[in-house]
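The next block holds one structure in the form of structure tokens; read it before the comments.
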2 protein chains.
Amino acid sequence: MKDKRTAILEATLKLISERGFHGTSMQMVADIAKVGAGTIYRYFENKEDLLSKLYVELKIEFSEVLLANYDSTLSFRGRFHNLWKNMVHYSIDNPQKTAYMEQYTNSPFCDHTMEEIHKKYFSKVANFINEAITQEVIKDVPIDIIAIFTFETAVALAKKHSNGMINLNDENIEIAVNMCWDALKK
Amino acid sequence: MKDKRTAILEATLKLISERGFHGTSMQMVADIAKVGAGTIYRYFENKEDLLSKLYVELKIEFSEVLLANYDSTLSFRGRFHNLWKNMVHYSIDNPQKTAYMEQYTNSPFCDHTMEEIHKKYFSKVANFINEAITQEVIKDVPIDIIAIFTFETAVALAKKHSNGMINLNDENIEIAVNMCWDALKK
DNA sequence: TATTAAAGAATGAATGTTCATTCCGAAATT
DNA sequence: AATTTCGGAATGAACATTCATTCTTTAATA
């Protein structure tokens, strides 16, 4: 039988991605997780702790996906294409996780504590970018600006796809990744 | 003395941008607006209605800012630069409004009703983009993809600036708008 | 048997909303 | 001009409900 902590996290993800923070009570989480309400407090300090732990776990998973097929024999452009497409495919395939992360990021829950988490888990991606800058393959621009053009566009595209507002088929993904690369390349 | 409806909207903006939906009660709004709690319900059906009306008003204001200095004698590139910079400057100068809109967009409050609102108020911007596509100045790509590369990057940059995570000085803005144009141009 | 885990009813604080009442300016009446 | 009447805007205490969290009891485990 599934571990209760995991069941609680999965229930939280499902409920909050569909109904938002304000629309999700601890009782609902307990019901969906098929767990007593009090049990949640054996695994998490309180609601805020639960939300924050879930966010961090999702971000770590996300950061690992990005470099899943990293291949240093490829050109920077090739590696970037892989990384970017990984991001889009993950976001499309996991709409609830994407919605949750976006919601959390834009809430006051997400304080400056999270910056360190981001720095820590995305350090390899940062190294890759910095290397590309050093080798004058992409523009010499503050890395946070590069990150925005890379991450935000991919996630936003996937969100709009999940909303049914655009159709992100392979052709459109190819178009988009090339637009992104055009923005970055020297 | 300031009109009460406006006072309520301003209080809501301030509180929710700082404390989020869940952290803002109607009583708090009433206190900040210096209004009785019941008075809110003379102007808005309920909390959801208040949040939605505020969002629509902000979006309309935003859409008007974009084309404030529209000048059809300029090149497409020139017009795009103006539009994009308007967006960034507005987002930087109005961090609370930006935070509120982002929070609302990523919440389940924001349903498909809002799509029509967006379509309506951003139609002039859409016309501009479509014209640029027709004249083969920018890539022939679904307009929603263009929109994401334009809007999301600008707003995300401004948000990170307001967080203190990057410093969006004039130089960086110039860099960023050029990156954006590189993504779009044919 | 002793210890830990789980459950879910109980609790008290907080929330959105309502509604009986007050207030205020303008019109009507004297 | 002075007084009364009137309408609706504004109020905020009161209400039912919901919520996060705690507590007590029961079950499982070693």
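Fair warning: this is a prediction, and the values are worked out from it, not measured in the lab. As a basis for the values below, the full set of heavy atoms in this structure was taken, side chains included, without hydrogen atoms, waters or symmetry mates. In what follows, chains are A, B, ... by sequence order, proteins preceding strands, each numbered from 1.
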Can you give the donor-acceptor pairs under 3.5 Å from side chains of residues 91-102 of chain A to other protein atoms, not counting sequence neighbours?
{"unit_1": "S91(A)", "atom_1": "OG", "unit_2": "M87(A)", "atom_2": "O", "d": "2.9"}
{"unit_1": "N94(A)", "atom_1": "ND2", "unit_2": "Y90(A)", "atom_2": "O", "d": "2.9"}
{"unit_1": "Q96(A)", "atom_1": "NE2", "unit_2": "E18(A)", "atom_2": "OE2", "d": "3.2"}
{"unit_1": "K97(A)", "atom_1": "NZ", "unit_2": "E61(A)", "atom_2": "OE1", "d": "3.4"}
{"unit_1": "K97(A)", "atom_1": "NZ", "unit_2": "E61(A)", "atom_2": "OE2", "d": "2.9"}
{"unit_1": "T98(A)", "atom_1": "OG1", "unit_2": "S91(A)", "atom_2": "O", "d": "3.3"}
{"unit_1": "T98(A)", "atom_1": "OG1", "unit_2": "N94(A)", "atom_2": "O", "d": "3.0"}
{"unit_1": "Y100(A)", "atom_1": "OH", "unit_2": "L51(A)", "atom_2": "O", "d": "2.8"}
{"unit_1": "E102(A)", "atom_1": "OE1", "unit_2": "K159(A)", "atom_2": "NZ", "d": "3.2"}

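Legend: residues meeting side-chain hydrogen bond (donor to acceptor under 3.5 Å, both in side chains) with D170(B), ordered by chain and number and at least two apart, are absent. In this structure, the side chain to side chain contact (heavy atoms under 4.5 Å, CB included) partners of E48(A), at least two apart in sequence or on a different chain, are N46(A), F109(A). Taking the side chain to side chain contact (heavy atoms under 4.5 Å, CB included) definition, one finds that N69(B) meets it with N82(B), N86(B), sequence neighbours left out. Every residue meeting the side-chain hydrogen bond (donor to acceptor under 3.5 Å, both in side chains) condition with R5(A), not counting sequence neighbours, appears here in chain and number order: E57(A).
Applying the side chain to side chain donor-acceptor pair (under 3.5 Å) test to pairs two or more places apart or on separate chains, those with a residue in residues 134-154 of chain A are K139(A)-D182(B). Applying the side chain to side chain donor-acceptor pair (under 3.5 Å) test to every pair with at least one member in residues 113-125 of chain B, sequence neighbours left out, gives these pairs: Y55(B)-H118(B), D111(B)-T113(B).
Each end of the helix from dT1(C)-dA30(D) to dT30(C)-dA1(D) gets its own axis, taken as the rotation carrying the C1' atoms of four end pairs onto the next four within a five-pair window, and the two axes meet at 10° to the nearest 10 degrees.
Here the P atom of nucleotide dG12(D) and the CD1 atom of I40(B) are 12 Å apart, to the nearest Å. Look at CZ on F44(A): it is 15 Å from C1' on dA20(D), rounded to the nearest Å. At whole-Å resolution of the value, CG in D3(B) and C1' in dA9(D) are 13 Å apart.
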_Return a single string for nucleotides 5-18 of chain C, one symbol per nucleotide in 5' to 3' order, where B is base contact, S is sugar-phosphate-only contact and - is none, cutoff 4.0 angstrom on heavy atoms._
SBBB------SSBB
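Under a 3.5 Å cut-off, the side chain of R19(A) and the backbone N or O of T24(A) do not form any donor-acceptor pair.
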